[in-house]
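Inspection log for the structure reproduced underneath, given as structure tokens.
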Amino acid sequence: MRRVVGLSAHINEDKQVGNPADLPISLRPIHFAGSDDVMEPVSGRFAVVRDDDSRAIAIVSNRYSLVPHQRILDTVEQAIEPLDVGPAPRGIYVDRQGARMRALFKFPALAKPMLDGNEICPCLKLENTYDGTSRIAVHIGAFRFVCTNLAVGGGGVFAGGFVSIHSGEIPIAEVGEQLASYLRCFESIIELYRFWAELPIRLDSLTQIFLGVSNRHSERIFEDMGREHCLTAYTAYNVATRYATHQMRSYRTAFDLLERVNRGFQKLFPLF
């Protein structure tokens with residue numbers, strides 16, 4: 001049975017479960033014993049090896065980009081260090097002998113109330129693996145607090161980040177810049193969200209935002225929006241940003257769509 005880990009189990013304290021995220025890791029070529037016991041390299045394959053105990057935890061292709069867990073966490077720390085964001089409790093969960101890391105950072109000092117009485121708090125969700133069981137994922141956004149639990153799902157608003165396979169350039173530095181910008185502007189962003197939450201809209205009013213977006217993506221987004229009982233600018237924005245951060249195969253496509261959505265909604269539904 002798959003073990004379920006509650007990423008929202010920590011609210012006001014740091015929590016770390018499993019192996020440390022900063023375990024030393026590297027890619028090493030794979031060899032086999034050929035004729036006359038001569039070691040021959042395996043073409044196009046590498047082992048992901050823990051350098052502390054020389055344990056191979058995954059076999060990957062030569063297209064795989066190794067992104068150490070700690071590099072992602074360090075990028076987040078560097079982004080928030082110069083900002084006045086108050087305590088930033090985080091939960092960091094590492095399992096599968098260090099092959100998978102999941103983390104959730106929260107910034108409760110910046111939380112603001114929404115019109116329905118719930119607080120909305122800026123958060124950052126991270127996931128990284130060395131064994132290819134999931135893509136690298138970074139979600140920047142805000143989530144509603146309900147009692148003492150962190151509700152993630154319909155109450156989430158995703159403003160940035162990406163989901164990508166481990167191949168080619170991975171834009172970790174860009175994520176740090178996105179996060180810092182989001183946190184600095186969070187109060188004004190909440191004002192805009194409140195305005196959008198009271199602004200009923202029609203689907204046809206959004207078509208210009210998605211001009212140039214592939215039909216496949218725009219049709220999926222409009223289909224999801226059509227399921228909303230009462231469509232407001234806020235729920236439509238939430239649907240579009242969630243699709244961009246969860247359904248893209250490349251980080252560049254995710255960034256492009258997120259930029260288009262953020263720019264389009266703010267132009268179409270300005271606060272002032």
Under 3.5 Å, side chain of [X] to main-chain N/O of [Y], donor-acceptor pair present?
X: R102; Y: K125; answer: no
X: H31; Y: V38; answer: no
X: Y130; Y: H69; answer: yes
X: R28; Y: S26; answer: no
X: T241; Y: Y237; answer: yes

Chi angles and distances behind the side-chain contact (heavy atoms from CB on, under 4.5 Å) call for R194, K112: CA-CA 10 Å; R194 290 170 182 161; K112 300 293 180 182; 3.9 Å; yes
Could you report the tightest heavy-atom contact between [X] and [Y], atom names first, then the distance?
X: G98; Y: R50; result: N-NH1, 4.3 Å
X: K106; Y: C123; result: CG-SG, 3.7 Å
X: A47; Y: A56; result: CB-CB, 4.4 Å

Return the set of residues passing side chain to side chain contact (heavy atoms under 4.5 Å, CB included) with [X] (not counting sequence neighbours), or none when no residue passes.
X: N62; answer: F46
X: P24; answer: D51, D52
X: R45; answer: I30, V42, I59, S61

Stepwise side-chain contact (heavy atoms from CB on, under 4.5 Å) check, I72 with L126: CA-CA 8 Å; I72 302 175; L126 307 169; 3.9 Å; yes
With F222 via ring pair (Phe, Tyr, Trp, His ring centres under 6.0 Å) - residues at least two apart: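 F222 satisfies ring pair (Phe, Tyr, Trp, His ring centres under 6.0 Å) with F210 only.
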Listed once per pair and sorted, the salt bridge (charged side-chain N to carboxylate O under 4.0 Å, His left out) pairs that draw on residues 199-209, sequence neighbours left out: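 Pairs touching residues 199-209 that pass the test: R202-D204.
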Side-chain ion pair, E223 and R227, N-O less than 4.0 Å: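 Salt bridge flag = yes for R227 with E223.
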Lys/Arg-Asp/Glu bridge criterion (N-O < 4.0 Å) met for R71, D74: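 So R71 does not pair with D74 through a salt bridge.
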S218 side, atom OG; I209 side, atom CD1 - distance, nearest 0.5 Å: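 Spacing of OG (S218) from CD1 (I209) equals 12.0 Å.
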From R96 atom CZ to I57 atom CD1, the distance as rounded to the nearest 0.5 Å: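 Answer rounded to 0.5 Å: 11.0 Å.
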For a quick test of your reading: what N or O donor-acceptor pairs under 3.5 Å do the side chains of residues 265-272 make, sequence neighbours left out?
| from | atom 1 | to | atom 2 | distance (Å) |
| --- | --- | --- | --- | --- |
| Q266 | NE2 | N262 | O | 3.3 |

side-chain contact (heavy atoms from CB on, under 4.5 Å) assessment of R220 paired with Y243: CA-CA 8 Å; R220 286 280 304 279; Y243 180 86; 3.6 Å; yes
Side-chain touch Y234/L199, heavy atoms, less than 4.5 angstrom: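 SC-SC contact between Y234 and L199 ruled out.
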Evaluation steps, side-chain contact (heavy atoms from CB on, under 4.5 Å), between V48 and L27: CA-CA 5 Å; V48 180; L27 289 177; 3.7 Å; yes
Geometric class of the W196/Y193 ring pair [parallel <30°, tilted 30-60°, perpendicular >60°]: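 Aromatic pair Y193/W196 classed tilted.
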